Asks: 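Supplied in structure tokens, the structure appears directly below.
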Amino acid sequence: MARLAQTAGLTDVQQEILSTVRDFVDKEIIPVATELEHRDEYPQAIVDGLKELGLFGLMIPEEYGGLGESLLTYALCVEEIARGWMSVSGIINTHFIVAYMLKQHGTQEQKDHFLPRMAAGEIRGAFSMSEPALGSDVSAITSKAVRDGDEYVLTGQKMWLTNGGTSSLVAVLVRSDEGHPEGTAPHKSMTTFLVEKEPGFGEVRPGLTIPGKIEKMGYKGVDTTELIMDGLRIPADRVLGGVTGRGFYQMMDGVEVGRVNVAARGCGVAQRAFELGVRYAQQRHTFGKPIAQHQAIQFKLAEMATKVEAAHAMMVNAARKKDSGERNDLEAGMAKYLASEYCKEVVEDAFRIHGGYGFSKEYEIERLYREAPMLLIGEGTAEIQKMIIGRRLLEEYRFQG
């Protein structure tokens with residue numbers, strides 16, 4: 001076995017794409033990732049390279065200028081990119097979710113207007129559900145849209161936008177009570193708006209402010225921001241799909257594939273942590289021999305490798321299920337939950353193998369140790385995944401008595 005996490009049954013085209021991305025990661029991302037991360041610097045040269053490779057249009061249909069590839073191909077590419085630097089995979093992921101939502105739910109005019117430029121990387125996407133006070137409780141959204149002639153007026157504060165500053169298109173979920181009488185279930189009175197803006201910080205269009213970057217423990221380089229709407233006017237034709245009240249379902253569809261993406265990121269980070277751990281274990285000597293020859297370290301490496309393989313297999317299964325057109329919320333929830341938890345454990349074991357040097361910023365494992373926790377909460381916490389998994393299991397195994 002040359003390396004962990006191989007995927008059976010790939011086409012020649014898929015293998016060629018993955019080989020190209022892997023080479024790019026090894027040559028253009030890994031050598032500079034730690035330096036850029038420590039400076040919290042946006043990786044513009046890397047993003048330009050990914051744009052040149054066509055990755056911003058990987059899953060966008062060919063009729064709109066994209067490559068028309070599957071979710072599996074995309075997830076495997078994300079796995080490779082996250083192996084190099086997880087922040088870069090975040091830049092692509094939010095863009096991809098917005099493009100996916102447009103492809104699946106947008107009107108023809110919206111698809112024609114946005115998708116070709118998104119495929120070319122000219123428009124970068126971000127999406128926004130969360131708010132400062134609600135966390136995982138999406139039904140508690142308080143930001144709202146009120147109809148005013150041919151426009152809607154949006155007010156409210158959103159939180160945790162990846163690409164909030166660098167994006168030029170944000171899919172924003174708000175409450176819209178128009179046509180939904182009092183007492184309507186909260187998830188049936190939400191609408192997704194396609195908000196175009198200028199990249200940058202401050203007031204990026206009248207009524208819309210991106211205050212600045214949120215300082216984070218890890219996941220640096222990529223900009224994470226708030227979004228404040230105060231009398232933001234949006235044309236009615238920028239309601240995703242052209243009909244209000246469908247926003248919750250549209251967002252959940254996007255998040256479902258986003259969970260496969262987060263699982264892929266966990267797989268990529270775990271792979272890199274294993275690579276660093278197994279290499280260091282063969283270089284570091286104690287008691288007259290490489291620490292890799294100590295049984296305790298071999299056991300640790302065996303556990304790490306098994307977790308990498310298991311997480312990868314579940315991620316691939318979830319992606320293939322979605323590509324088949326079947327419901328995959330159970331598989332995506334399991335994959336996201338397992339991959340993020342295993343990622344944390346594999347990174348910590350690699351950190352332990354490095355001993356005191358793992359605590360030094362000169363060693364790459366220090367960066368991974370700060371990045372892994374983000375995967376435990378992104379696209380739904382472990383507790384949310386368990387709720388999804390449990391409910392779906394009870395649907396499938398309902399006792400008839």
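Keep in mind that what you see is a predicted model, and the values were worked out from it rather than measured. Numbering starts at 1 and runs along the sequence shown.
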Asks: Looking at Glu256 and Lys322, does any basic side-chain N land under 4.0 Å from a carboxylate oxygen?
Replies: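 A salt bridge links Glu256 with Lys322.
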Asks: What's the shortest heavy-atom distance between Thr192 and Ala171, and which atoms?
Replies: CG2-CB, 4.0 Å
Asks: Angle between ring planes, Tyr363 versus Tyr357, binned at 30° and 60°: parallel, tilted or perpendicular?
Replies: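 Ring orientation, 0 to 90° scale: tilted.
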Asks: Enumerate the side chain to side chain donor-acceptor pair (under 3.5 Å) contacts for residues 366-377, please, sequence neighbours excluded, ordered by first and then second residue.
Replies: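 Residue pairs passing side chain to side chain donor-acceptor pair (under 3.5 Å), neighbours aside: Thr34-Arg367, Glu37-Arg370, His38-Glu366, Trp85-Glu371, Glu364-Arg367, Glu366-Arg370, Arg367-Glu371.
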Asks: Do any N or O atoms from the side chain of Arg205 and from the backbone of Val195 form a donor-acceptor pair under 3.5 angstrom?
Replies: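 A pair under 3.5 Å: no.
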Asks: One thing to verify: whether Glu80 and Arg22 come together as a salt bridge, which I'm taking to mean a side-chain N less than 4.0 angstrom from a carboxylate O.
Replies: yes
Asks: Closer than 3.5 angstrom, by distance alone: can the side chain of Asp223 be matched with the main-chain N or O of Thr166 as a donor-acceptor pair?
Replies: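 Yes; at least one donor-acceptor contact below 3.5 Å.
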Asks: Cationic tip of Lys51 within the cone over Phe56's six-membered ring, i.e. under 6.0 Å and within 45° of the normal?
Replies: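 That pair does not qualify as a cation-pi contact.
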Asks: With no hydrogens and no angle check, is any side-chain donor or acceptor of Arg147 less than 3.5 Å from a backbone partner on Gly149?
Replies: yes
Asks: Is the terminal nitrogen or CZ of Arg233 (NZ for Lys, CZ for Arg) located under 6.0 angstrom from the six-membered ring centre of Tyr152 and within 45° of that ring's axis?
Replies: no
Asks: Indicate whether any N or O donor in one side chain lies under 3.5 Å from an N or O acceptor in the other, for Thr7 and His312.
Replies: yes
Asks: Kindly state each residue pair satisfying side chain to side chain donor-acceptor pair (under 3.5 Å) with at least one member in residues 292-302, sequence neighbours excluded.
Replies: Thr286-His294
Asks: Tell me yes or no: between the side chains of Thr244 and Thr191, is some donor less than 3.5 Å from an acceptor?
Replies: no
